[in-house]
Visitor: 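Here you go, one structure.
Because the structure is predicted, anything quoted here is derived from the model rather than measured. Labels below follow one simple rule: chain letters A, B, ... track the order of the sequence lines, proteins then strands, and each chain is numbered from 1.
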Number of protein chains: 2
Amino acid sequence: MKLPDLDKIIHERARLRILACLASQTSHRCSFLELKDKLDMTSGNLSSQLSVLESSEYIAIAKGFRGKKPYTEVSLTSKGSEAFDDYLDTLDTMIAALKPRT
Amino acid sequence: MKLPDLDKIIHERARLRILACLASQTSHRCSFLELKDKLDMTSGNLSSQLSVLESSEYIAIAKGFRGKKPYTEVSLTSKGSEAFDDYLDTLDTMIAALKPRT
DNA sequence: TTTCTTTAGTTTGTAATACAAACTAGTTTG
DNA sequence: CAAACTAGTTTGTATTACAAACTAAAGAAA
């Protein structure tokens with residue numbers, strides 16, 4: 001029984017929660033501020049983690065304005081969506097394997 | 001919807017896999033070398049991670065000999081078992097929340 | 001206008017930590 | 001005896017998560 005490995009990019013708590021948040025939206029989108037608020041993260045940390053996810057092409061970041069204020073929209077890419085699904089499947093498998101009791 | 005947080009000690013890939021390995025044994029025990037082999041980790045990393053888990057009292061480490069060779073046995077404590085169950089429940093909850101589609 | 005405050009983020013510095021290389025202690029083999 | 005192997009531990013390094021400090025622009029106050 002070789003235990004499967006988990007995507008390192010996704011398996012960081014902050015990033016996992018970011019992706020979870022995006023995936024839970026039917027639109028697969030969230031603004032920077034919504035994420036910050038829902039996940040209770042500092043702007044700095046959120047900004048850094050988004051950069052990591054963006055480099056992996058798991059999310060896309062679109063910058064624009066709402067009125068006169070900057071408005072950053074984060075969206076899950078299809079690549080990110082797939083990777084996240086894989087990650088969850090891996091976890092499911094692991095959890096299932098660990099619960100032999102009905 | 002506040003996303004739950006995950007136990008930091010458990011949520012490290014190496015440690016998660018160690019705990020998964022222990023939990024999957026009905027005895028909740030494994031020798032150092034079994035772990036090293038099953039998880040495909042270096043001795044150094046395994047040793048370090050076990051120390052972390054031991055400090056948190058999630059596992060207990062018993063040292064003895066098999067013949068003339070040192071034999072280290074690692075066992076999941078009840079505290080560790082509970083913490084691990086909690087962790088899995090948290091994940092389950094998260095995953096469930098994320099899959100609104102039937 | 002000029003100055004202060006707030007908003008919406010980014011950059012930079014640091015503290016934590018995962019990991020492996022090097023080491024230790026003892027055993028078996030030649 | 002020395003060399004090689006076993007079963008780990010300690011150490012140093014390289015990542016990296018995170019927050020403090022910063023930037024840039026807008027609005028409010030004086």
Side-chain angles (χ1 to χ4, degrees), chain A residues 3-22 29-75 80 83 87, chain B residues 2-22 29-75 83 87:
Chain A
L3 282 181
D5 224 337
L6 294 161
D7 185 323
K8 244 187 162 174
I9 299 292
I10 296 183
H11 187 79
E12 155 62 28
R13 286 157 69 241
R15 290 191 295 264
L16 180 56
R17 298 173 74 226
I18 291 170
L19 292 182
C21 206
L22 290 174
R29 289 165 195 286
C30 247
S31 73
F32 186 93
L33 291 179
E34 278 175 324
L35 285 173
K36 176 167 141 67
D37 179 52
K38 285 194 184 178
L39 304 177
D40 201 28
M41 294 172 68
T42 60
S43 304
N45 189 18
L46 179 54
S47 179
S48 313
Q49 303 299 349
L50 290 180
S51 295
V52 173
L53 289 170
E54 190 185 25
S55 307
S56 311
E57 298 176 304
Y58 285 176
I59 62 169
I61 298 180
K63 289 174 187 310
F65 288 86
R66 278 288 205 264
K68 305 221 168 151
K69 293 179 182 171
Y71 182 83
T72 299
E73 189 156 72
V74 180
S75 60
Y87 178 86
Chain B
K2 280 280 173 193
L3 282 182
D5 223 337
L6 295 161
D7 185 323
K8 243 186 164 173
I9 299 294
I10 296 183
H11 186 79
E12 155 61 29
R13 285 156 70 241
R15 291 193 294 265
L16 180 56
R17 298 173 76 228
I18 291 170
L19 292 182
C21 206
L22 291 174
R29 288 164 194 287
C30 248
S31 74
F32 185 95
L33 291 179
E34 279 175 322
L35 285 173
K36 176 168 141 69
D37 180 52
K38 285 194 184 178
L39 303 178
D40 201 29
M41 293 174 68
T42 61
S43 305
N45 189 17
L46 179 55
S47 180
S48 314
Q49 304 298 349
L50 289 180
S51 295
V52 173
L53 289 169
E54 191 185 25
S55 308
S56 310
E57 297 176 303
Y58 285 176
I59 62 169
I61 298 180
K63 288 171 188 312
F65 288 86
R66 278 287 206 267
K68 303 217 171 158
K69 293 180 183 171
Y71 183 82
T72 299
E73 188 156 73
V74 180
S75 60
Y87 178 86

Visitor: How bent is the helix from C:dT1-D:dA30 to C:dG30-D:dC1, comparing axes over its five end pairs at each side, to the nearest 10°?
Guide: 20°

Visitor: Give every donor-acceptor pair under 3.5 Å between a side-chain atom in residues 49-62 of chain A and any protein atom, sequence neighbours left out.
Guide:
| from | atom 1 | to | atom 2 | distance (Å) |
| --- | --- | --- | --- | --- |
| A:Gln49 | OE1 | A:Arg15 | NH1 | 2.9 |
| A:Gln49 | NE2 | A:Asn45 | OD1 | 3.0 |
| A:Ser51 | OG | A:Ser47 | O | 3.1 |
| A:Ser55 | OG | A:Ser51 | O | 2.8 |
| A:Ser56 | OG | A:Val52 | O | 3.2 |
| A:Glu57 | OE1 | A:Lys79 | NZ | 3.3 |
| A:Tyr58 | OH | A:Asp7 | OD2 | 2.8 |

Visitor: Heavy-atom nearest nucleotide on DNA chain D for B:Lys8 versus B:Ser51: which residue maps closer to 5'?
Guide: B:Ser51

Visitor: Nearest 0.5 Å, please: how far is CG in A:Asp37 from CZ in A:Phe32?
Guide: 12.0 Å

Visitor: For B:Gln49 and for A:Ser31, locate the closest nucleotide of DNA chain C by heavy-atom distance; then report the residue assigned to the nucleotide nearer the 5' terminus.
Guide: A:Ser31

Visitor: Using a 4.0 Å heavy-atom cut-off across all strands, classify A:Arg15 as base, sugar-phosphate, or nothing.
Guide: sugar-phosphate

Visitor: Polar atoms only, N or O, under 3.5 Å: list the protein pairs with nucleotides 21-27 of chain C and their distances.
Guide:
none

Visitor: Go through the structure and list residues passing ring-ring contact (aromatic ring centres under 6.0 Å, His included) with B:Tyr87, not counting sequence neighbours.
Guide: B:His11

Visitor: Tell me which pairs pass salt bridge (charged side-chain N to carboxylate O under 4.0 Å, His left out) where either residue lies in residues 59-70 of chain B, with sequence neighbours left out.
Guide: none

Visitor: Rounded to whole angstroms, how far apart are CZ on A:Arg66 and P on D:dA26?
Guide: 17 Å

Visitor: Please state how far atom CD1 in A:Ile18 lies from atom P in D:dC18, giving the value in whole angstrom units.
Guide: 10 Å

Visitor: State which residues pass side-chain hydrogen bond (donor to acceptor under 3.5 Å, both in side chains) with B:Arg29; sequence neighbours excluded, sorted by chain then number.
Guide: none

Visitor: In this structure, how many angstroms lie between the P atom of C:dT7 and the CG atom of A:Leu46, rounded?
Guide: 17 Å

Visitor: For a quick check of understanding: with a heavy-atom distance under 4.0 Å over all strands, which category does A:Ser47 fall into, base, sugar-phosphate or nothing?
Guide: base

Visitor: What integer distance in Å separates B:Asp40:CG from C:dC19:C1'?
Guide: 14 Å

Visitor: Please report, rounded to the nearest Å, how far the P atom of C:dA8 is from the CE atom of A:Met41.
Guide: 17 Å

Visitor: Tell me: CD of A:Glu54 to P of C:dG9, nearest whole Å?
Guide: 13 Å

Visitor: Considering only C:dA18, C:dT11, C:dG9, which nucleotide approaches the side chain of A:Ser48 most closely?
Guide: C:dT11

Visitor: Show the nearest heavy-atom pair for residues A:Ser31 and A:Tyr71, with the distance to one decimal.
Guide: CB-OH, 3.5 Å

Visitor: To the closest 0.5 Å, what do you measure between CG (B:Leu22) and CZ (B:Arg17)?
Guide: 12.5 Å

Visitor: Nearest whole angstrom, please: distance from the P of D:dC18 to the CG of A:Leu16.
Guide: 12 Å

Visitor: In whole angstrom, give the distance that lies between atom NE2 of B:His11 and atom P of C:dA18.
Guide: 11 Å

Visitor: Distance-only, no hydrogens or angles: does the A:Arg13 side chain make a donor-acceptor pair with backbone N or O of B:Leu6 under 3.5 Å?
Guide: yes

Visitor: What are the residues of residues 56-64 of chain B, sorted by number, that bring a heavy atom to within less than 4.0 Å of DNA chain D?
Guide: B:Lys63

Visitor: Working to the nearest 0.5 angstrom, can you tell me the gap between B:Leu19 CG and B:Glu12 CD?
Guide: 11.0 Å

Visitor: Need one value for B:Leu33: base, sugar-phosphate or nothing, where a base atom within 4.0 Å counts as base even if backbone is also close, heavy atoms only.
Guide: sugar-phosphate

